[in-house]
Amino acid sequence: MKTLQAIRGMPDTLPVDTGSWQWLERKVQDLVQSYGYQEIRMPILESTHLFARSIGEVTDIVEKEMYTFADRNGDSLTLRPEGTAGCVRAAVQHNLISTPQRLWYRGPMFRHERPQKGRLRQFQQIGLEAFGVATPDADAELIALSARLWRDLGVADAVQLQLNSIGSLEARAAYKAALVDYLSAFKGELDEDSQRRLETNPLRILDSKHARTQEFLTNAPNLHDFLDEESVNDFARLKAYLDGAKVAYTVNPRLVRGLDYYNKTVFEWVTTELGAQGTICAGGRYDGLVAQLGGKPTPGVGFAMGLERILLLLGAQGIEAPSTLPLAFGVGVGEAGERACFAGIEALRSSLPQFDIRLNTGAGSFKAQMKRADKSGAKVALIWGETEAQNNTVTLKFLRDDEPQITLANSLLAQELERISNTM
RNA sequence: GUGAUCGUAGCUCAUCGGGUAGAGCACCGGAUUGUGGCUCCGGAGGUGGUGGGUUCGAGACCCAUCGGUCACCCCA
């Protein structure tokens, strides 16, 4: 029989790695809750229309990266490629945003792209969305929160904040026209992708990696000259908030985002440590999206971070989740010893529930059991043999310290282990 | 979607067209019949990703396919 395999780009997370995941998720969860964000859980499947309407019909995500298929009744469904659209849908559907609301979510997102470093077809994001606040303090708080996360994780020195304002929809439309007008003169000399984008998504030409295309952009119209007054003011206020909180940033006038719903603030946290996929966290303001999806006009701002990329960065920086080793490992020799061991370990789990205490299962020779005790990393082996079983005692052998082993009554074991744990 | 590169034991890798495909680590057992780590000895573990082709003979060469990796496009 052919070996069954996971779907391409949708890897299993194995026990050797889940500790890091749990550590990271816990850190993020604690932080966002301390800022008043409440968790919301959305389905991973939504109506295809939701994404097409919010992300934009001509974006790469919608045009070629979505997992879309027909439900049994013919409805077109899509595995969510990002979280904001579903979050807005849920918030509108359940009337969560009649007052300002801070929401966060986590879970898998799906995009049908060729896998590479830092890019998978199923990947995990944690996203935050703040609804109902039009002023840039909301943007600033989100950015400050993310900056704090990098500090908490110990990667602050490896990431940089790129910041920009892309203005109102109207300002952007005017700029888009001017840019197309300017670049059309060189159309034949632009790279192929940029020529195509001239028709579909001209703003994305700005961050083209082609040197020659970038040359033509040197004298191109500047987005900031087209910004509406409100966007200019809000951007200045945002920068003042960040300056006051000592959050460093680089204004990048070429920073645009791939999703259509953004306006005013856009930002990305980037690193040079991860190769080609250096964005670990990105977001911006989307004041028109709620209304666009049928809700009452409500401003919004949010971001999402890619957990795999953050874990890669932590790895590159040599930062590891603190690992915990078991306190004790129970070894039972002979039938009476095994029974005494099982009972003794279960009793310990009742009296010392805060500790990691392991039990040898599957018998094995004394020697084999001691090997397992050592391999478990436990501080102490708890040995029940024939003699111990007969006398209601247990022998403690210290596996990490140069201390003689001791034998004591079962009834004193929990107390003794607790004492030992304090000296760890 | 495009390109490059790689698939041999659980893991890291040898073998580079010629006899039953090897090593280290890990695993199991023994030396030490109630004591782990160090050492020594032994054992188990493979349809060489899969399917075709070339050849007297293929793990090795060719093609296809699946998968990994990295990059492009794009994005978290």
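Just so it is clear: chains get the letters A, B, ... in the order the sequence lines come, proteins before strands, and each one is counted from 1.
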Checking A/Q277 side chain against A/R309 main chain: does a donor-acceptor pair fall under 3.5 Å?
-> no
Ignoring hydrogens and angles, does a donor from either the side chain of A/R309 or the base of B/rC75 sit under 3.5 Å from an acceptor on the other?
-> yes
Separation of the C1' atoms in B/rA71 and B/rG57, to the nearest angstrom = 40 Å
Could you check which residues of residues 111-130 of chain A get a heavy atom under 4.0 Å from RNA chain B? Sort them by number, please.
-> A/R111, A/E113, A/R114, A/P115, A/Q116, A/K117, A/G118, A/R119, A/L120, A/F123, A/Q125
Nearest-angstrom distance from the residue atom CG of A/L255 to P of B/rC75 = 11 Å
With the threshold set at 4.0 Å, does a side-chain nitrogen-carboxylate oxygen contact exist between A/R111 and A/E82?
-> no
Heavy-atom nearest nucleotide on RNA chain B taken for A/M10 and for A/R204; more 5' hit belongs to A/M10
Side chain to side chain contact (heavy atoms under 4.5 Å, CB included) assessment of A/R254 paired with A/L217 | CA-CA 10 Å; A/R254 299 276 167 85; A/L217 288 170; 4.1 Å; yes
Going through the distances and angles, do A/V92 and A/V290 end up as a side chain to side chain contact (heavy atoms under 4.5 Å, CB included)?
-> CA-CA 7 Å; A/V92 170; A/V290 173; 3.8 Å; yes
With distance as the sole test, does A/E388 use its side chain to make a donor-acceptor pair with the main-chain N or O of A/G385 at under 3.5 Å?
-> yes
Would the number of heavy atoms belonging to other residues, nucleotides or ligands and lying under 6.0 Å from CD of A/E39 be above 12?
-> yes
Inter- and intrachain pairs under side chain to side chain donor-acceptor pair (under 3.5 Å), touching residues 141-153 of chain A, at least two apart | A/Y35-A/R148, A/R102-A/E141, A/S146-A/W269
Atom-pair distance (CG on A/L307; C1' on B/rA76), nearest Å | 9 Å
What distance, rounded to whole Å, do you find between the two P atoms, one in B/rC13 and one in B/rU8?
-> 10 Å
Side-chain donor-acceptor distances from residues 358-366 of chain A under 3.5 Å, at least two apart:
| unit_1 | atom_1 | unit_2 | atom_2 | d |
| --- | --- | --- | --- | --- |
| A/R358 | NE | A/D356 | OD1 | 2.7 |
| A/R358 | NE | A/D356 | OD2 | 3.4 |
| A/R358 | NH2 | A/D356 | OD2 | 2.7 |
| A/N360 | OD1 | A/R372 | NH1 | 2.9 |
| A/N360 | ND2 | A/A363 | O | 3.0 |
| A/N360 | ND2 | A/Q369 | OE1 | 3.0 |
| A/S365 | OG | A/A368 | N | 3.0 |

Quickly work out the A/M109 CE to B/rC75 C1' distance and round it to whole Å.
-> 14 Å
For A/A340, the side-chain contact (heavy atoms from CB on, under 4.5 Å) test, sequence neighbours excluded, returns A/W384, A/A389
For atom P, what is the distance between B/rU2 and B/rG10, given to the nearest Å?
-> 33 Å
Taking atom P in both B/rC25 and B/rU39, what distance in whole Å separates the two?
-> 8 Å
Which part of the nucleic acid, if any, lies within contact of A/A381, taking any heavy atom under 4.0 Å across all strands shown: a base, the sugar-phosphate backbone alone, or nothing?
-> nothing
Considering only distance and modelled atom types, tabulate donor-acceptor pairs under 3.5 Å from the side chains of residues 317-326 of chain A, sequence neighbours left out.
none

Enclosure of A/Q33 CD (heavy-atom neighbours >12, cutoff 6.0 Å) = yes
Between the protein and nucleotides 30-38 of chain B, which nitrogen or oxygen pairs come in under 3.5 angstrom?
| unit_1 | atom_1 | unit_2 | atom_2 | d |
| --- | --- | --- | --- | --- |
| B/rG34 | O6 | A/T387 | N | 2.7 |
| B/rG34 | O6 | A/T387 | OG1 | 2.0 |
| B/rG34 | O6 | A/E388 | OE1 | 3.3 |
| B/rG34 | N1 | A/E388 | OE1 | 2.7 |
| B/rG34 | N1 | A/E388 | OE2 | 3.2 |
| B/rG34 | N2 | A/E388 | OE2 | 2.6 |
| B/rU35 | N3 | A/Q405 | OE1 | 3.0 |
| B/rU35 | N3 | A/Q405 | NE2 | 3.4 |
| B/rU35 | O4 | A/Q405 | NE2 | 2.7 |
| B/rG36 | O2' | A/D374 | OD2 | 3.3 |
| B/rG36 | N7 | A/K397 | NZ | 3.4 |
| B/rG36 | N1 | A/L399 | O | 3.1 |
| B/rG36 | N2 | A/D374 | OD1 | 2.8 |
| B/rG36 | N2 | A/L399 | O | 2.4 |
| B/rG36 | N3 | A/D374 | OD1 | 3.3 |
| B/rG37 | O4' | A/D374 | OD2 | 3.3 |

Not counting sequence neighbours, which residues clear ring pair (Phe, Tyr, Trp, His ring centres under 6.0 Å) with A/Y286? List them please.
-> A/Y261
When you measure from the side chain of A/T393 to the backbone N and O of A/T407, does any donor-acceptor pair fall under 3.5 Å?
-> no
Mind checking the C1' distance from B/rA9 to B/rG30? Whole angstroms is fine.
-> 23 Å
Distances under 3.5 Å between protein N/O atoms and the N/O atoms of nucleotides 5-10 of chain B, please, pair by pair.
none

Which residues in residues 276-285 of chain A have at least one heavy atom lying under 4.0 Å from any atom of RNA chain B?
-> A/A276, A/Q277, A/T279, A/I280, A/C281, A/A282
Is A/R349 reaching over with its side chain to a backbone N or O of A/I357, donor-acceptor style, under 3.5 angstrom?
-> yes
Write down the distance between CG (A/L206) and P (B/rC75), rounded to a whole number of angstrom.
-> 13 Å
Writing each nucleotide of RNA chain B 5' to 3' as (, ), [, ], | or . by Watson-Crick or G-U pairing under 3.5 Å yields (((((((..((((....[...)))).(((((.......))))).....(((((..]....))))))))))))....
Is the backbone N or O of A/P136 less than 3.5 Å from a side-chain atom of A/D234, with the two atoms forming a donor-acceptor pair by type?
-> no
When rounded to the nearest Å, what value does the distance between C1' atoms of B/rC16 and B/rC6 take?
-> 16 Å
Neighbour count >12 (heavy atoms, 6.0 Å) for atom CG, A/D71 = yes
Near-strand residues of residues 143-154 of chain A, defined as heavy-atom separation under 4.0 angstrom from RNA chain B | none
Classify the side-chain pair A/Q405/A/T395 by whether it contains a donor and acceptor separated by less than 3.5 Å.
-> no
Examine B/rG68: is either OP1 or OP2 under 4.0 Å from a nitrogen or oxygen in the side chain of A/R8? Give yes or no.
-> yes
Could you work out the separation of B/rU50 and B/rC66 based on their C1' atoms and round it to a whole Å?
-> 7 Å
Any sub-3.5 Å donor-acceptor pair from A/Q101's side-chain atoms to A/L96's backbone N or O?
-> yes
Hits for ring pair (Phe, Tyr, Trp, His ring centres under 6.0 Å) against A/H49, two or more places apart or cross-chain, chain-then-number order -> none
Hey, is OH on A/Y241 packed in by over 12 heavy atoms from elsewhere, all under 6.0 Å?
-> yes
C1' atom, B/rG48 versus B/rA58: distance in rounded Å?
-> 11 Å
